[in-house]
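Written out below as structure tokens is the structure these notes cover.
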Amino acid sequence: MIKNVGVVGAGQMGCGIAQVSAAAGYKVQLYDLSADRIETALATINGNLARQVASGKLSEDQRKQALALIQGSSDLHDLSAADLVIEAVTEDESVKRKIYGQLCPLLKPEAMLATNTSSLSITRLASATDRPERFMGIHFMNPVPVMKLVELVRGIATGDETFSAAKDYVSKLDKAITVAEDFPAFIVNRILLPMINEAIYTLYEGVGSVDAIDTAMRLGANHPMGPLQLADFIGLDTCLSIMQVLHDGLADSKYRPCPLLVKYVEAGWLGRKSGRGFYDYRGETPVPTR
Ligand SMILES: CC(=O)CC(=O)SCCNC(=O)CCNC(=O)[C@H](O)C(C)(C)COP(=O)(O)OP(=O)(O)OC[C@H]1O[C@@H](n2cnc3c(N)ncnc32)[C@H](O)[C@@H]1OP(=O)(O)O
Ligand SMILES: NC(=O)C1=CN([C@@H]2O[C@H](COP(=O)(O)OP(=O)(O)OC[C@H]3O[C@@H](n4cnc5c(N)ncnc54)[C@H](OP(=O)(O)O)[C@@H]3O)[C@@H](O)[C@H]2O)C=CC1
């Protein structure tokens, strides 16, 4: 039975996962490398909970209770009481494998380990742990407190007990589940990211400006965000990693990452989280950059 949830990586996804887990009554340990990052993360979570109070989705008491259930830490040992740890660090296989190597010896033998990876092979990541039968993908969507869906992905070795415990946990968060097989980028990103990549090609080839492309898809296809706005929201580093996994994993040139996406990531223009991507976020309102 899952009571204590550990979250590794206090970026945009880790914060969201910690928030919704605490709001559902789980005790949460949120880990990241630095104390500064943890402080920022707790402030972000507090802000998002306060927004939910303002819009009547949560009472002030529920906000306080949820916040009290989250502890931040920059010491991996603090995850040793967790029944389930969800890893949400940068979308880079070597970073994730390194974390598993450090984390696994500290966990209870019966603890489950899950990854929030957007694209990487669950089976291959499982092989970097000491518990492939208790490892799987629990893939939340961004922003976690708002998006209804969680994709569940089993690796070849994932046990039935692990899968049913994950289903139970996700249902308690009041999220809907879809099950995907362990193929590159699963379902949502297999479909969504090529669309975003195509939008970037559309910009690269001069078919339209940032504003024209986003307006076209917002008003012409009723998407809540334009594809370039969404790319900035996801993070351009994450978008590029997903396209690389699709390109390498499916060996089809239709998944070739757009060179403009590569350039932006090389420049450190990662979207909202770095202050600049297809839009510049440093002023009052986002300004298109092309
Ligand atoms: C890459 C992957 O591996 C997988 C993925 O996640 S792919 C990305 C999937 N996500 C999407 O496609 C998101 C598309 N965009 C949307 O659905 C909407 O634009 C949106 C929900 C993000 C915002 O909707 P909106 O109507 O423009 O904004 P707004 O009215 O301000 O917000 C709606 C609610 O979302 C909340 N919200 C918005 N942004 C948020 C954020 N970054 N974090 C937390 N909550 C947020 C708001 O607080 C608001 O909730 P309340 O009513 O409780 O205040
Ligand atoms: N962005 C999205 O829309 C979605 C992303 N995902 C997946 O979730 C995961 C996280 O993405 P996201 O939250 O957007 O990324 P962010 O860049 O916002 O956050 C990543 C976090 O991981 C931390 N980190 C990096 N290396 C380590 C490490 N060795 N130990 C501990 N923490 C570390 C980073 O710290 P620092 O900044 O200090 O380096 C940062 O806080 C990725 O696998 C991504 O593919 C899944 C669904 C949606």
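Just so you know, ligand 1 is whichever comes first in the structure, and atom 1 is the first atom listed for that ligand. Index from 1, following the sequence. Keep in mind that the numbers below use all heavy atoms, side chains included, and drop hydrogens, waters and symmetry copies.
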- More than 12 non-hydrogen atoms from neighbouring residues, nucleotides or ligands closer than 6.0 Å to CG on D174, yes or no? no
- Item | Sub-4.5 Å side-chain heavy-atom contact between Y279 and D214 | yes
Can I get a per-line list of side-chain donor-acceptor pairs under 3.5 Å for residues 44-53, giving both atom names and the distance, sequence neighbours left out?
residue : atom : partner : partner atom : Å
T44     : OG1  : T40     : O            : 2.9
N46     : OD1  : R63     : NH1          : 2.7

When you check ligand 1 against the protein, what N or O pairs turn up below 3.5 Å? List the atom names and distances, or just say none.
residue  : atom   : partner : partner atom : Å
ligand 1 : 3 (O)  : S118    : OG           : 2.7
ligand 1 : 3 (O)  : H139    : NE2          : 2.7
ligand 1 : 3 (O)  : N189    : ND2          : 2.8
ligand 1 : 6 (O)  : N142    : N            : 2.8
ligand 1 : 10 (N) : N142    : O            : 2.7
ligand 1 : 37 (N) : R51     : NH2          : 3.0
ligand 1 : 39 (N) : R51     : NH2          : 3.4
ligand 1 : 48 (O) : R51     : NE           : 2.8
ligand 1 : 48 (O) : R51     : NH2          : 2.9
ligand 1 : 52 (O) : K57     : NZ           : 2.6
ligand 1 : 53 (O) : S55     : OG           : 2.6
ligand 1 : 53 (O) : K57     : NZ           : 2.8

- With a 4.5 Å limit on heavy-atom distance, are the side chains of L173 and F140 in contact? yes
- Task: Compute both the distance and the angle, then confirm whether R154 meets the cation-pi test with F163: under 6.0 Å from the six-membered ring centre, within 45 degrees of the axis.
- Result: yes
- Note on the structure: At a 4.0 angstrom heavy-atom cut-off, ligand 2 is contacted by G9, A10, G11, Q12, M13, Y31, D32, L33, R37, A88, V89, T90, E91, V95, K96, I99, N116, T117, S118, H139, F140, N142, I234, T238, K273
- Message: Run D232 and Y264 through side chain to side chain donor-acceptor pair (under 3.5 Å) and show every step you take.
- Response: CA-CA 11 Å; D232 275 0; Y264 270 50; over 6 Å; no
- Message: S119 vs E91, test: side chain to side chain donor-acceptor pair (under 3.5 Å). Steps then yes/no.
- Response: CA-CA 8 Å; S119 60; E91 187 73 344; 2.7 Å; yes
Less than 3.5 Å apart, which donor and acceptor atoms pair up between the side chains of residues 223-230 and the rest of the protein, not counting sequence neighbours?
residue : atom : partner : partner atom : Å
Q229    : OE1  : G226    : N            : 3.2

- Report yes or no: does D182 contribute a side-chain atom to a donor-acceptor pair with the main-chain N or O of T123 at less than 3.5 Å? yes
